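The structure appears below as structure tokens.
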4 protein chains.
Amino acid sequence: MSNKKNKVIEAATKLFAEKGFENTSMANICLEANVSKGLVYHHFKSKESILIEIFTNVTDKMIEMNAKSKSSQEPKLQLVQLIETIFYQLECDKTFFQLNLNIMFQPTTRQILKEQIEKRASILLNSVKNIFDQISLEKSTLLSYVFIAEIDGISLNYLTVFDEYPLDMIKQELINKYIHF
Amino acid sequence: MSNKKNKVIEAATKLFAEKGFENTSMANICLEANVSKGLVYHHFKSKESILIEIFTNVTDKMIEMNAKSKSSQEPKLQLVQLIETIFYQLECDKTFFQLNLNIMFQPTTRQILKEQIEKRASILLNSVKNIFDQISLEKSTLLSYVFIAEIDGISLNYLTVFDEYPLDMIKQELINKYIHF
Amino acid sequence: MSNKKNKVIEAATKLFAEKGFENTSMANICLEANVSKGLVYHHFKSKESILIEIFTNVTDKMIEMNAKSKSSQEPKLQLVQLIETIFYQLECDKTFFQLNLNIMFQPTTRQILKEQIEKRASILLNSVKNIFDQISLEKSTLLSYVFIAEIDGISLNYLTVFDEYPLDMIKQELINKYIHF
Amino acid sequence: MSNKKNKVIEAATKLFAEKGFENTSMANICLEANVSKGLVYHHFKSKESILIEIFTNVTDKMIEMNAKSKSSQEPKLQLVQLIETIFYQLECDKTFFQLNLNIMFQPTTRQILKEQIEKRASILLNSVKNIFDQISLEKSTLLSYVFIAEIDGISLNYLTVFDEYPLDMIKQELINKYIHF
DNA sequence: CATGAATGAGCTTTCATTCAT
DNA sequence: CATGAATGAAAGCTCATTCAT
């Protein structure tokens, strides 16, 4: 992939996260990436398609990571490790999670990425369910939904609701819950 | 308050929820409310100020409801009742919750309503903490954050992540958790 | 004339002078005069007509003053007195002179007040020529034009060209010129 | 510089002079220049900036001409030549002088171009004073102000006050004054 | 006399996109 | 690959004016 195309993707990711998709103009992206409009339209057929490519890249990484992570540990420890991983990334890449949230809740962008959003959700659900299947086949679906809701709720509150959020304490509480399951 | 101003607020609320703030034009609002552009700008100084007025109205209602709801029931039952109320409203007014989410995650609108968002969050936290104080003074803050994360996570998953979400089952699971606390 | 109508005229005069006719809106005038739009349109048929009334009032005063000032003094002293009067007013009412200038040079307003502007010019020319007729019947027209040009040029430079203008010195130079004519 | 940008400048100059800055819309300019609105905003960041560029171009030309015109003639002849040049241009480019006047008297445009207007005034004053210094060092400043006032007054009367102005006769009178100085 | 809700045309400006070079 | 001039639709907003009360 050409160097300049990457610069465009990076610039767009940054700006979409900072200002939102609708408030980022092609001109903004060109300026940030230091390329011309013509070049952007050489690599991408539209502004939407930049968004799609950014989102797809991440989905692909998620699938890849998911494939690798088939651990043979005890299920409770797998849950703990999953929690640790997610919260680690949440802290490392706040902006990126924020971008994903605003894409998912903005009706327009949501519509554009509907299929991918659903795909991601089902990957995550399956991945979590695989773990809970080892704990309780009967309640595994319900437990998975609850687990995901907890993760999403904490992320959401951390990222956009509370100014000073005791993330570590709450993470610990969650780990405690599942380690004594 | 004049009839037409209300029509504008209703139209704007509907469209902001359906299409997002940035994708709703003043022309759209005028068409939906069946009024002229001039009239909208006679009542509101800008598009932003419509959003602010909508959001403020709801915040005010929240404060009012909060003041009224000081129940003298057993704390566990208060939690159950709170859960029931929130999920009832979630199902009744899906669009409105969606509007709130997309406002909170869109950087621009978030900035505009920063103060109000924080105000709302602290009202909710206090309100929940008042209940948990009666259960465990020591852990009440932590428990409140967890409770709110659970509610928010479920709402988020119901509204925007999963196409077919077993909301009732999950609500029941949550009620079970807190009734046996 | 009603009190409120006067307030409108005063407000409009002030704002037209400060911001120019085109940059003053009816809403601005209403706010400044503390009256409603309906009232302004009760007294004036349009924004233009306010301008016309302001300008006409001044023209009428000029005519009146001109009628009174038929002095029987020596012509040179009449010139000196005219110079003194004009410069006195220039210093007293800078804003008002500025208003007149910008009305006269803005093509739109100029067109509206074309006839009055010409009327004023001819009154002034006649008035000055009457004095110069007593000095030199032959050259009186030319001398009048020169005199008016001198007055206008000095006013213009004082009001809008130079930041620190030695008005008094120049006035004295002019008086010297005509007293030794 | 691109051909179309020049067309925009020409169109804007013409229309600003004919109708005034405030009464000329971007749509007017586009129509006159036969270009799209987008193109105008590609070359100029705002309507104001068109005005600034027009004005700056002229100021630059003035400075350039001023630099070249250091003549070694007798001072009185230099004055005569300056008068001839100014009146020649005044007759050639009536519209352009009118544009300058209405920019200088319209409070808004005046504010925008405040610095340039002052710059121009000081260039002209210096240029004239250099000549009068050779006639009378003592009175050169005063004489310069008077000279400029005469020129400006005559221009103003010619351009906007009197319908039939004996420009040539008055120019001759002025030349006579300074040739017999 | 007096108010201010209401209109609709028009304003400046932005923007995704195209295309000749 | 790469540029940036050029387009035209649509955005947010202003404003003189009207009219029911």
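What you are looking at is a predicted structure, and each value in this text was computed from that prediction instead of being measured. In what follows, chains carry the letters A, B, and so on, assigned in the order in which the sequence lines appear, proteins first and then strands, with residues in each chain numbered from 1.
Side chain to side chain, C:K4 and C:N34 fail the donor-acceptor criterion of an N or O pair below 3.5 Å. If you check the side chains of C:T95 and C:E18, you find no donor sitting under 3.5 Å from an acceptor.
Here the side chains of A:F44 and A:K5 are in contact, with some heavy-atom distance below 4.5 Å.
One atom, NZ of D:K5, and another, P of F:dG4, lie 14 Å apart when rounded to the nearest Å. Regarding A:H43, its NE2 atom lies at a distance of 10 Å from the P atom of F:dT3, rounded to whole Å. Per the geometry, CD1 belonging to D:I50 stands 9 Å off P belonging to E:dT13, to the nearest Å. Atom C1' of nucleotide E:dC15 and atom CG of A:L31 are separated by 15 Å, given to the nearest angstrom.
Phosphate proximity of F:dT7 to D:K4: present, with a side-chain N or O under 4.0 Å from OP1 or OP2.
In this structure, C:K47 is not positioned above the aromatic face of C:Y41 in the sense of NZ or CZ being under 6.0 Å from the six-membered ring centre and within 45° of the axis. Both tests do not hold together for A:K14 against A:F96: distance to the six-membered ring centre under 6.0 Å, angle to the ring axis within 45°.
DNA chain F is contacted by both D:V35 and A:S36; A:S36 maps to the nucleotide lying nearer its 5′ end (nearest heavy atom per residue). Nearest-nucleotide assignment on DNA chain E puts the 5′-proximal partner with C:N34, out of C:N34 and D:N28.
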Pairing annotation in dot-bracket form, given for DNA chain F with Watson-Crick or G-U pairs under 3.5 Å and | for cross-strand partners: .||||||||||||||||||||
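Atom CD1 of D:I9 sits about 10.5 Å away from atom CD1 of D:I29, to the nearest 0.5 Å. Note: C:M62 CE to C:I123 CD1 = 6.0 Å, rounded to the nearest 0.5 Å. Summarising the geometry, atom CD belonging to D:Q98 is positioned 5.0 Å from atom CG belonging to D:L159; distances are rounded to the nearest 0.5 Å.
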Annotated protein contacts, base or backbone, on nucleotides 16-21 of chain E with a non-hydrogen cut-off under 4.0 Å, one of B, S, - each: SBBB--
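Here the closest heavy-atom approach between residue A:K119 and residue A:I63 is recorded as CE-CD1, 4.1 Å.
Closest to the B:L39 side chain, of the nucleotides E:dT7, F:dA5, F:dT7, is E:dT7. Checking F:dG4, E:dA2, F:dG8 against the side-chain heavy atoms of D:H42 singles out F:dG4 as nearest.
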